[in-house]
Amino acid sequence: MPVMTYRDALRSAMAEEMERDESIVLLGEDIGLYGGTHLVTNGLIDQFGPKRVIDTPIAEGGFTGAAIGMAMSGLKPIVEMMTWNFSFLAADQIIQTAAKLHYFSGGQVNVPLVVRGPNGGGVQLSAQHTHSLEGFYGHFPGLKVVSPATPADVKGMMLEAIRNPNPVIFLEAGALYGTKGEVPEGDEVVPFGKARVAREGTDVTLIAYGRQVPLLLRVADKLAEQDISAEVIDLRSIRPLDTETFVESVKKTNRAVVVQEQWRYFSVASEVCAVLQHEAFDYLDAPVERVSGAEVPAPYARNLEIAGFPTIDHVVSAARRVLYLEK
Amino acid sequence: MPVMTYRDALRSAMAEEMERDESIVLLGEDIGLYGGTHLVTNGLIDQFGPKRVIDTPIAEGGFTGAAIGMAMSGLKPIVEMMTWNFSFLAADQIIQTAAKLHYFSGGQVNVPLVVRGPNGGGVQLSAQHTHSLEGFYGHFPGLKVVSPATPADVKGMMLEAIRNPNPVIFLEAGALYGTKGEVPEGDEVVPFGKARVAREGTDVTLIAYGRQVPLLLRVADKLAEQDISAEVIDLRSIRPLDTETFVESVKKTNRAVVVQEQWRYFSVASEVCAVLQHEAFDYLDAPVERVSGAEVPAPYARNLEIAGFPTIDHVVSAARRVLYLEK
Amino acid sequence: MLLQYLLLPVVFIILVKVARRATRVKSVPYGTISHMSLVPHGEASVSGAAPHSFGTIEEAVVSRASVPDTSTDDRQAAEMDSPSPVDSQTERQAHVAYDAEALVGYYQKMVEIRLFEDATTKAFRQGKIGGYLHVYSGQEATGTAFLGAMKPEKGDVAIAAYRIHAHALLLGAHPNNVMAELYGKGTGIVKGKGGSMHLFHAEGGMLGGYGIVGGHIPLAPGYAYGLRYQGKDGVVQSYLGDGSIHNGAFHEAANLAGLWGKSGMCPTLFILENNQYGMGTSVERATAMTELGRKFESYGIEWERVDGMDVQATLAVAEQVQERVRETGKPYAIEAFGYRIVPHGAADFLEQYRSKEEVAKWREKDPIPLLHGQLIEMGIAEDRLEAIRAEAKAKADEAVKFAEESPDPDLSELLTDVYADDTYVEPAG
Amino acid sequence: MLLQYLLLPVVFIILVKVARRATRVKSVPYGTISHMSLVPHGEASVSGAAPHSFGTIEEAVVSRASVPDTSTDDRQAAEMDSPSPVDSQTERQAHVAYDAEALVGYYQKMVEIRLFEDATTKAFRQGKIGGYLHVYSGQEATGTAFLGAMKPEKGDVAIAAYRIHAHALLLGAHPNNVMAELYGKGTGIVKGKGGSMHLFHAEGGMLGGYGIVGGHIPLAPGYAYGLRYQGKDGVVQSYLGDGSIHNGAFHEAANLAGLWGKSGMCPTLFILENNQYGMGTSVERATAMTELGRKFESYGIEWERVDGMDVQATLAVAEQVQERVRETGKPYAIEAFGYRIVPHGAADFLEQYRSKEEVAKWREKDPIPLLHGQLIEMGIAEDRLEAIRAEAKAKADEAVKFAEESPDPDLSELLTDVYADDTYVEPAG
Ligand SMILES: Cc1ncc(C[n+]2csc(CCOP(=O)(O)OP(=O)(O)O)c2C)c(N)n1
Ligand SMILES: Cc1ncc(C[n+]2csc(CCOP(=O)(O)OP(=O)(O)O)c2C)c(N)n1
Ligand SMILES: [Mg+2]
Ligand SMILES: [Mg+2]
C-alpha cells in the first residue's frame, strides 16, 4: 500500500471523487489561488478550475448557507472551514439549517454537504484558535460527525462523507496533517459509525479519537514497559457513535480511560463514561477515568499549552489509577 | 412571602437592581416599545427610558458583541435573546469573545455581561425554535451557565448574575414563565454552583434542572403512590456544576435517574452519569438511567412533540428500572 | 441581445402609465381585516351599487400629508414617492398591459390567500393551530405577482422566511394540505413536522419555509449558483423582510450574490418585502439609512422599488425582472414597499409599538379592495367578484374541514426524516 | 459650534495642499523589507548624498498606468485617484501644517515599529515565536497618525484585530513586554497567555487584540455607547481590514453604530485598513462593489478615503476626524488605502495569489522611505535619521534580549484569569 501523509490522503480523496462526480464543488477561504492555508486543497484549482474550487470572502455563515443552497440544487459541496474555530460564525447555518432541513421539510429536501477543516490545538494558536468541537456538533441530530486519525481513515471517511446524502461535519486532526501512513489504493470507503481497535490489549481500554489516538499508542508502549497490556480504541465516528466496540472491549479489560483534548464538561468523554456505566456496569472493576483538556481557554505560551493538554504522563497515570496501581 | 410568577420574579430582579445600579442596561429585540415578546421586560422602558432599555435590530451577533463592548467600558449589560434558538448567531461572540476575553487579555479586561432568555421547548415551535442549550454553552470555560426552575431561584440567580463580574448564560425555562411560587422579598441572592434538594427521599435520586424539575416533583408524587421515596435534585447551576449535592444524594439512595429535554449525546446528563460512576462507584446499586429528548429535530405536531420529550411515564419507568422493578 | 433588452422599456413605459392613470380612483377607509374587508367598508351588502374608488399612490401621499401623523410615516411616504433608481435611470417596459380579465384572475388568487389566512387566524384563536402563526394578509400584491412570474418548468424556485402560507398556495400546494400542516396533522404538506413556518412544496418550486430571521437568505445565491453550474436556466427568488436586512446573513449572502453574478453565475431575484416593521421595530428604529433597497448597492446589485400594495404595480415589473435575471445570471433586487396591516403574528395583540391611526390609514390601501375597486371601474360586475369570494371562502372552509378531520401523524413519524439515507436514529437515553 | 467646525476646513485646505505639493518627489524602486529598506535602495551607505525622490499619489498613478500590469491594480489606482466623498463634498481643514521637526518624530515612531517587526519576523523564522505572526510593516503611516490622535486622558481607546504589534507600541506598551509576549514569556504584556494576536495595554487605551476576523468590530459601538452613557468624552477607534468588511459582524456593528449615532451615542471612528488583500484574496475577488468605504453609506455613516502609505496624508485628517467624532458622538469612517507589502503572516511564503511585480511596485511606495525622502528634501540631515534608525534598532534588539532572557510563565498561570472574581476553575478530568 502506498504511504502518504494525512494531508495528501485527504486531498486525494477529494480529487479522485471530483473526477468521478462533477456535482462536487469546493468552497472556502483561500482554498484556490492561495493553495489552501494548510495546503489541503493545493493544486485543485488548477486541476478543476475556479468554478469548482471557489474562493470565498471571509463570511463563514454566508458561504456555508450558500453551500446548503447548492446542496439543495443538486450539487455536493465541500466547504472548508479554514479552521473549525471560525465555524461558530456558521453554527446557525450548520445547526439550524443543514441539520434540520430534511426533517422540517418532511423529507422533501436533502442536504448532501461536507463541512471540513482542521480541528484541535497544539501549535500555540491560543484561546480563539484552539477548539476541539466533536461534542459541540455531535450533540445535534441530523448531523453526521466524524474525526479520523489516520491517513487511511481520512481518505476512506472523506469518500464516505461525500457520498453520504446528509450534512457531514468532518473534523480533521490539524496537528496530524504531516503524519504518514499506509493508504489503500482506490475506492476504499470507511463507513461511519464503526470504531477501530487501533491496538489490542487485555488489561485496560484506552479510548480516544483524532490527535489523541497516536498519543494513546505511545501510552500503550509505555504501559507495555510496565507489563500492562492496553487496548486502544479509535472512535473515528462521533455521531453515530459506535458504543458496541468500546463496550465489548471494556467487558474484556474491565477498565477504561477516555482521553480527549476538548474540555471535560458535556463532552465526548462524558458520554463514553455514561454509556460504559450503563452498558458495562457489571464489568467495570474501577471507575472510568477521563483525561481532558484543562478547563481554561487555551493559553499561548508553549509551557502552558503543553500543561493544558493530555500528555503521555497524564494518561499513563490515569491507566495506573484504574488498575489501582496509583492513587 | 409574596407569591409571584416566574416572569414577574425575573422582571423584578432586573428592575430592582437597575434602580440600585445605573450601570445596568438592557438590550434586545423588541424589549422596549413592544414590551418584550414574552413580556419579561414589559414596562421597563417606561420606568428606565430608552437609553437603558435598548431596542435593537435583528442582529444577535452584533448586539451581543456591542454588549461585550459596553461591559468592557464599565456597564453591566443584560442582553435578551428573544429565544435562545437565535443565539447560534451570537455563538461566536459568546464563546470566542465574552468567554475568553478575560483570559487572553491576561486579566486586563472583565466582561460583566448577562445573556438571558427563554430556553427549551414544549409549545409546538418545531425544529428551529426548540433547543435546550445548557450543555452547549456549559462546555466552555469562562462562562457561567445557570438554569433556574422556580420564581425564587430565577429572581435570586438573576441578582447574582448581574453582580457577577463574568459573562453569565442565563437559561430561563420559557415554559414556566407563568408558573407561580413564593419569592423572598428584597435582596436574596442565590449563589451559583449550588444545587437544590427540591424534595427529600431515600430510594432513588431524580436529577434535573429547569422545566423538568416540576415534572420530577410530579413523578415523585406518582412514585410515592407506589411506596417509592424519591429525592429530587434541581441542579440550578450548570457551570459551575455542583456535583457534591447529587453525589451525596446518590450515596444515600444508591440509585439515580437524570432527566433533561436536551438531546442525550454530549449533554448535561452524560456528565452527571460520568461523575456518578466516578464519585459514587461503590455506592451505585444500578446503572444510572437517563431520560432525554428524542434524537430528532423537534417536530411540530402536538402528538409528536409530546412523544419526543420526557414525560412522567418515561421517568417513572426509568426510576422503576433502577430499582429493578421493571426491565 | 442584452442591449436590446435594456432599450425596450423606454417605449412601453408610457403605455402602462397611461393605463394606470385611467384606473385612478379615490380611497375609502377600512376597518377590519376579514372576509368582509375584501370589498370597501359597508359595500358588501350593496354589491357594486354605491360609487367607490381607490387612491393611487400619488394621491394617497398627498392626502396623507394633510393628516397629522408620525414623522416616520411622512418620511416613508416621501421615500415611496421618490422614483426608484431604475425608474429614474432606465425607464422600463411593462411586457403586458393587464386587461380586466387577467386582473380578475389575480383578484381570485389574492382573495383565496386572504380568506385562507382569515381561516388560519380563526383556528389559531380557537387553539386548533399551535406554535407561531404569521399571516400574509396585506402583502398579497407582492407574492401574487412575483411568484406568478416563476416558470417552474425552467427550474425556478422560491426560498422564503416564515410568512409563507401564500407562497405555498401560489406555487400550487393544495390548501387542504397546507391547512392540515398548520393543524399538525399527518396529511400536512410536510407531514405535520414543520408547522406554519416550514412549508415546503418542492414540486412547485417552493423550497421553504425558515424560521431564523436572515438564516435562509444565503441559501438563494448558493442554489442559484448550483442551477447555472448544472447548466439550468432557472431563477431563484429570495424573499426577505425589512427586519432581516440588518442581519449579517443578508450582508454575506448579498455580497456572494453580487460577486458570483459578475460571471453570470447567480440568477437570484431578491424580493425585499418592506412592510415597515420587523415585529415591533419600525425601519427607522432599526437603521440610520432607511432607504432599504439602496443597501443592495453595497454589493453591486441593481434594484428598484415597487408599490407592494398595488398588484398592477407589482405585475408591471415582476415578469420582466424575472426574465432579466434569467438572462443575465446576475442578481437583481426589488423593494416591495407596503405595510403590515395585520399584527406580526397571531399572538401580537397589544401592538404597543404603533398607533391605531397609522394602521387604519394603511388599511385603506389594502391591495384587495384596491384591486376590487379597479375592477369595478373597469366594468367587472360585482356579482362576479362576489362569486369569486364565495368560492374562495368555500375552499378555505373545505381546507379547515379537511384539516380537522385528518388524523394526527403516526407516532412512528417522530423518528423518520432525520437522515436522508436511512431510518437509523441514535437511541435516546 | 458644529457649524463652525464644518466651515473651517474650506479655509485651510489650500495651505495643506500647497505644503504637500512642495514636498512632491519622484519614486525609486524598492526590493527588500528590512532595516535596510528604511532608506531608499542603495542609499543607506551614502546617506543623503545621492539625489532621490518619492512620488505623490497622483504621479504614482500616472507612472503606473504606463507599466503594463493587472487590471486590478489599475482599477484600484483609479479609485485611489478619485476624490473621496468628504474631499469633494466638504473641503476640510488640516489643523496642523506639519513641520519637519514634527515629522521627524513620526519618522522615529514608524522606524521603531518597522524594526520591531523585522525582529519579530526573524525570531519567528528561528522558531522562537510560535503560533501566528502578522506584522504591520507598510501600514505604519495609518496607525501612527490615527493612534497618535487619541487622547487617552479623555478615555479614548482602540480596538483592533490581530495585526496589532504597532497598535500596542504606539499606545505606550513597552517593546520589551510586547516582544516577551510573542516569545510566550511570563513577562509578556498579557502574561504569555495571548501571543501576537491578543495584545492588550488597557492603561494606554489598547483594548485588543482579536483573532476572529470581524468578531471584534461590534465591540466598538458598544464601548462607544458605554462611554457616552457614562458621560465620558472618549472616542473609540475601531480598526478593521478590507477582508473583514464582507463579514456579517461588520454589517451588524456598522448598522448599530449608525443607529446609535443618530442620538449622539456612538463616538466610533472606523479605520478600515484597505491593504487590498484578505490573506490571498484581493478586494475584487471578494466583492462586486470594490469601493469599500462606500459600504459605510448603507448605515448612514460618513466616510473618506486617505492615502494610507503617506503619513502626511494620514496626519492631515487624523486629529480632525477624531475630534469630529468626539464632538458629534456619531460614527465616522476612514478608508486608509494602501497595500500589504509583506506576506499575510510569517507563514505565508508562497504568495501564489499575487505577482512579484505587483508587490515590488507597491514597495516603492513604502511609507518609511517616502517620509525619509520628504525629510531629506526638507533639509533634515541623513545623519540624524540614521541615528534614529540606529536607536530604534537598539530598542528592538533590547526587546529581543529581554524576551529571550525572561522566564516562562509559572505553570500556575494556566488556571488564573479564567474568571474575574476568583481563582475557581472547574476540575478537569
Ligand atoms: C435570528 C432571529 N431573531 C429573532 C427572531 C424573532 N422574529 C421572528 S419574525 C421577526 C421579525 C422579522 O421582521 P421582517 O424581516 O421585517 O419580516 P416580517 O415579519 O415583517 O414579514 C423576529 C424578530 C427570529 N425568528 N430569528
Ligand atoms: C472568521 C475568520 N475567518 C478566517 C480567519 C483566517 N484569517 C485570518 S486573517 C485573514 C484575512 C483578513 O484580512 P483583512 O481583514 O484584510 O486583514 P489584513 O490581514 O489584511 O490585515 C483570514 C481569512 C479568521 N481569523 N477568522
Ligand atoms: Mg417586516
Ligand atoms: Mg487586508
Side-chain angles (χ1 to χ4, degrees), chain A residues 29-39 42 45-46 50 55-63 82-83 85-86 88-89 92 123-130 258 263-265 267 269-270 273 289-308 310 314 318, chain D residues 129-132 162 181-186 188 190-198 210-215 241 243-250 278-283 285-287 344-345 347-348 350-354 408-418 425-429:
Chain A
E29 292 155 10
D30 290 317
I31 60 169
L33 269 198
Y34 188 101
T37 341
H38 304 92
L39 300 177
N42 202 19
I45 194 170
D46 304 320
D55 279 325
T56 64
I58 308 168
E60 283 78 2
F63 66 71
M82 188 184 283
T83 78
N85 308 289
F86 311 143
F88 298 110
L89 291 163
D92 181 71
V123 285
Q124 279 190 272
L125 297 181
S126 72
Q128 292 191 311
H129 284 74
T130 304
V258 197
W263 295 294
R264 159 193 163 169
Y265 287 85
S267 67
S270 314
C273 290
E289 288 284 336
R290 288 184 281 173
V291 180
S292 309
E295 288 293 317
V296 305
Y300 167 72
R302 190 70 186 139
N303 68 327
L304 299 183
E305 183 181 55
I306 289 170
H314 289 148
Chain D
I129 292 177
Y132 294 144
Y162 48 80
E181 184 60 36
L182 308 189
Y183 272 69
K185 295 301 182 76
V190 293
K191 309 183 191 170
K193 291 184 177 181
S196 166
M197 296 187 287
H198 302 302
Y210 301 84
I212 302 304
V213 168
S244 74
I245 203 164
H246 314 301
N247 196 280
F250 163 74
M279 277 188 89
T281 305
S282 65
V283 169
R285 294 182 67 239
T287 185
H344 167 72
D348 170 24
L350 294 176
E351 299 201 52
Q352 304 184 36
Y353 52 84
R354 59 183 184 180
D408 283 343
D410 193 276
L411 279 184
S412 68
E413 281 295 335
L414 177 67
L415 303 182
T416 63
D417 299 323
V418 181
V425 170
E426 284 80 5

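Just the heavy atoms: all of them, side chains too, but no hydrogens, waters or symmetry mates, feed the values below. Each chain gets a letter, A, B and so on, in the order the sequences are listed, and its residues count up from 1. The model shown is predicted, which means the values in this text are computed figures rather than measured ones.
- If you measure heavy-atom distances from T130(A) to chain D, you find no contacts under 4.5 Å at all.
- Here the CG atom belonging to L33(A) is positioned 12.5 Å from the CZ atom belonging to R354(D), to the nearest 0.5 angstrom.
- Minimum heavy-atom separation, L304(A) to L414(D): O-CD1, 3.5 Å.
- Residue D348(D) touches chain A through both its backbone and its side chain, counting heavy-atom pairs closer than 4.5 Å.
- Taking every heavy atom of both residues into account, L411(D) and A307(A) meet most closely at CD2-CB, 3.8 Å.
- Neither the backbone nor the side chain of F250(D) comes within less than 4.5 Å of any heavy atom of chain A.
- Here the OH atom belonging to Y300(A) is positioned 9.0 Å from the CE atom belonging to M197(D), to the nearest 0.5 angstrom.
- Expressed to the nearest 0.5 Å, how far CE of M279(D) lies from OH of Y34(A) amounts to 3.5 Å.
- When I212(D), V213(D), I245(D) are compared by the number of non-hydrogen pairs under 4.5 Å with chain A, I212(D) comes out ahead.
- Looking at heavy atoms from C-beta onward, E295(A) lies out of side-chain contact with L415(D) at the 4.5 angstrom threshold.
- Only the side chain of Y265(A) comes within less than 4.5 Å of a heavy atom of chain D; its backbone N, CA, C and O stay farther away.
- For H246(D) against P57(A), the heavy-atom pair with the smallest separation is CB-CB, 3.9 Å.
- Going from atom NE2 of H129(A) over to atom OH of Y162(D) covers 9.0 Å, rounded to the nearest 0.5 Å.
- Residue contact with chain D, scored on non-hydrogen atoms closer than 4.5 Å, is absent for I45(A).
- Ranked by non-hydrogen atom pairs under 4.5 Å with chain D, the options R264(A), E29(A), Q124(A) are led by R264(A).
- If you take CG on D55(A) and OG1 on T281(D), they are separated by 5.0 Å, rounding to the nearest 0.5 Å.
- For the pair G184(D) and A301(A), the tightest heavy-atom approach, listed with the atom from each and the gap, is O-CB, 3.3 Å.
- When the candidates A286(D), G211(D), G188(D) are compared by the number of heavy-atom contacts under 4.5 Å with chain A, G211(D) comes out ahead.
- Contacts with chain A were tallied for D417(D), T287(D), N247(D), L350(D); N247(D) has the most, counting heavy-atom pairs under 4.5 Å.
- Considering only heavy atoms from C-beta on, S244(D) stays 4.5 Å or farther from I58(A) through its side chain.
- Of the possible polar contacts, one joining the N303(A) side chain to the P409(D) backbone as a donor-acceptor pair under 3.5 Å is found.
- With a 4.5 angstrom heavy-atom cutoff, V123(A) touches chain D only via backbone atoms.
- Here I129(D) contributes atom CD1 and R302(A) contributes atom CZ; the two are 15.0 Å apart, rounded to the nearest 0.5 Å.
- Residue with the most contacts toward chain A among K185(D), K191(D), R285(D), E181(D): R285(D) (heavy-atom pairs, distance under 4.5 Å).
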